[in-house]
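Below is one structure, written out as structure tokens; the observations come after it.
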Amino acid sequence: MTIPTLELNDGNSIPQLGYGVFKVPADETERAVSDALEIGYRHIDTAAIYGNEEGVGAAIAKSGIARDELFITTKLWNDRHEGDAPNAAIAESLEKLGLEQVDLYLVHWPTPAKDNFVHAFAKLVELREAGLTRSVGVSNFLVEHLERVVDETGVVPAVNQIELHPAYQQRDVVAWSTERGIRTEAWGPLGQGKYDLFGTPAVAEAAAAHGVTPAQAVLRWHLQKGIIVFPKSVRAERLRENLDVFGFTLTEAEVAGIDEIDPLDGSGRVGTHPNEFN
Ligand code: NAD
């Protein structure tokens, strides 16, 4: 199984499909990530706030997989944007992960009411220069936040990780990012199971036409749009299913049908609005 990679604007490359461990309990994480690595995943998305970086690290250490074959992302939490706090935060994450360097370090949320995300991103750029992360990016940034980061630091983030699934596509953010070479990563690629995505006719019909599950059809939709995904499951059979999405291609009409699921009024959002999270 070869997972395609995408080039980032800093010359590094990222596997387009990975495994995200939000809400994977700390005591289950080592087993779940070990399963994922065994099944063939090489890209793991975690965060300091998930409380499971140690489990990710333990699975990596036990796997025996060469470090340069893995792509590990973690994120700076909201209460550590100020001053030199990001330096201590990444040191703690690296210690827990058992790594000397992560592949991607993200500002987890912009927390705009505190107006410190530009500083936090500038600190991440310093951490990259110090070799503690290979790439730097942001998460949950809207166009207004991306604009400020680019204008005020002169550095274009490698990725922006945002809520993105058929009912909430954030097309303005994706278009702005694509024009400037910022890759978009989807969180909640399956809508976090919070609405009946799999029973929506465009998804169900595309899945039936290709003899795949609705989850596979939705993941394929993301991949064909150039989006990076890391669906979460703790079940080995679903980890296998979610990786098995490279043997079929949705037609343009099927992609367009799934595009139409977004009501375009923001009502499809299942998570917190970035401007409301501070
Ligand atoms: P998701 O859309 O991946 O949904 C996960 C849910 O879908 C799980 O509860 C699982 O039961 C179900 N599921 C998974 N595979 C399935 C399948 N094949 N068939 C049926 N159901 C299936 O949501 P998520 O976990 O929130 O998002 C993925 C990752 O994105 C996270 O694990 C995390 O790494 C990241 N994330 C980041 C942020 C952020 O603020 N940056 C926020 C949320 C999540």
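Read the numbers this way: they start at 1 and go in the same order the structure lists the ligands and their atoms. Both backbone and side-chain heavy atoms feed into the values below; hydrogens, waters and symmetry mates do not.
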Point to revise | Atom indices of ligand 1 within 4.0 angstrom of Phe198 heavy atoms, with elements | key: 20 (C), 21 (N)
Practice item. Just jot down the ligand 1 atoms closer than 4.0 angstrom to any heavy atom of Pro231, in number order. Key: 3 (O)
Practice item. Return yes when atom CD of Glu100 has more than 12 non-hydrogen atoms of other residues, nucleotides or ligands closer than 6.0 Å, and no otherwise. Key: no
Check your understanding: Among Pro189, Gly271, Gly193, which residue places a heavy atom closest to atom 1 (P) of ligand 1?
Key -> Pro189
Review point. If you measure from each non-hydrogen atom of Phe230 to ligand 1, which part falls under 4.0 Å: side chain, backbone, both or neither?
Key: both
Practice item. For the pair Gln216 and Arg220, evaluate side-chain hydrogen bond (donor to acceptor under 3.5 Å, both in side chains) and give the outcome as yes or no after the intermediate values. Key: CA-CA 6 Å; Gln216 289 174 316; Arg220 188 70 214 173; over 6 Å; no
Check your understanding: Should the proximity of Gln192 to ligand 1, defined as any heavy atom under 4.0 Å, be assigned to the side chain, the backbone, both, or neither?
Key -> both
Review point. Numbering the atoms of ligand 1 from 1, which are under 4.0 Å from a heavy atom of Ala215?
Key: 17 (C), 18 (N), 19 (N)
Exercise for review: Please work out which of the three classes, parallel, tilted or perpendicular, describes the rings of Phe117 and Phe141, given edges at 30° and 60°.
Suggested key: perpendicular
Practice item. Might you work through the side-chain hydrogen bond (donor to acceptor under 3.5 Å, both in side chains) test for Tyr50 and Lys75, ending with a clear yes or no? Key: CA-CA 9 Å; Tyr50 300 170; Lys75 312 183 191 92; 3.1 Å; yes
Exercise for review: Quick one: do Glu95 and Glu92 satisfy side chain to side chain contact (heavy atoms under 4.5 Å, CB included)? Show the steps, please.
Suggested key: CA-CA 5 Å; Glu95 169 79 25; Glu92 287 165 27; 5.6 Å; no
Practice item. Drop me the distance from Asn87's CG to Arg80's CZ, to the nearest 0.5 angstrom. Key: 10.0 Å
**Study point:** Matching residue for His165 among Tyr195, Phe198, Trp221 - test: ring pair (Phe, Tyr, Trp, His ring centres under 6.0 Å)
**Key:** Tyr195
Review point. If you count the atoms of ligand 1 from 1 in the order shown, which ones are under 4.0 Å from a heavy atom of Trp109?
Key: 40 (O)
Exercise for review: Could you tell me which atoms of ligand 1, counted from 1 in the order shown, lie closer than 4.0 angstrom to a heavy atom of Asn140?
Suggested key: 39 (C), 40 (O), 41 (N)
Check your understanding: Taking atom types as modelled and ignoring hydrogens, do the side chains of Glu30 and Asn52 form a donor-acceptor contact shorter than 3.5 angstrom?
Key -> no
Check your understanding: Under 30°, 30 to 60°, or over 60°: which ring-plane class applies to Tyr41 and Tyr19, parallel, tilted or perpendicular?
Key -> tilted
Practice item. If you have a sec, work out which protein heavy atom is nearest atom 15 (N) of ligand 1 and how many Å separate them, to one decimal? Key: Asn242 ND2, 3.0 Å
Check your understanding: How far is atom 25 (O) of ligand 1 from its nearest protein heavy atom, and which residue and atom name does that atom have?
Key -> Lys232 CB, 3.1 Å
Check your understanding: Under a 4.0 Å heavy-atom limit, does Leu106 contact ligand 1 with its side chain, its backbone, both, or neither?
Key -> neither
**Study point:** atom 2 (O) of ligand 1 [closest protein heavy-atom partner, distance rounded to 0.1 Å]
**Key:** Leu190 N, 2.7 Å
Practice item. Answer yes when Arg67 and Asp103 have at least one side-chain N-carboxylate O distance shorter than 4.0 Å, and no when they do not. Key: yes
Review point. Atom 16 (C) of ligand 1: which of His108, Glu163, Arg238 has the nearest heavy atom?
Key: Arg238
Exercise for review: For Gly191, take its heavy atoms, then give the atoms of ligand 1 lying under 4.0 Å from any of them.
Suggested key: 2 (O)
Point to revise | ligand 1 atoms in contact with Gly20 (distance to a heavy atom under 4.0 Å) | key: 32 (O), 34 (O)
Practice item. Just go through Phe22, Tyr19, Trp187 and tell me whose heavy atom is the nearest to atom 31 (C) of ligand 1. Key: Phe22
Review point. His145 and side-chain hydrogen bond (donor to acceptor under 3.5 Å, both in side chains): which partner among Asn140, Asn275, Asn160?
Key: Asn275
Point to revise | Identity and distance of the protein heavy atom lying nearest atom 37 (C) of ligand 1 | key: Gln161 OE1, 3.0 Å
Check your understanding: Going from CG on Asn278 to CG on Asp115, what distance comes out if it is rounded to the nearest 0.5 angstrom?
Key -> 10.5 Å
Point to revise | atom 27 (O) of ligand 1: nearest protein contact (heavy atom, Å) | key: Gly188 N, 3.0 Å
Review point. Quick one: nearest non-hydrogen protein atom to atom 34 (O) of ligand 1, plus distance?
Key: Asp45 OD1, 2.7 Å
Check your understanding: With a 4.0 Å cut-off, would you call Arg31 and Glu28 a salt bridge?
Key -> yes
Exercise for review: Give the numbers and elements of all ligand 1 atoms closer than 4.0 Å to a heavy atom of Glu241.
Suggested key: 17 (C), 18 (N), 19 (N)
Exercise for review: Indicate, as side chain, backbone, both or neither, the part of Val21 found under 4.0 angstrom from ligand 1 when only non-hydrogen atoms are considered.
Suggested key: backbone
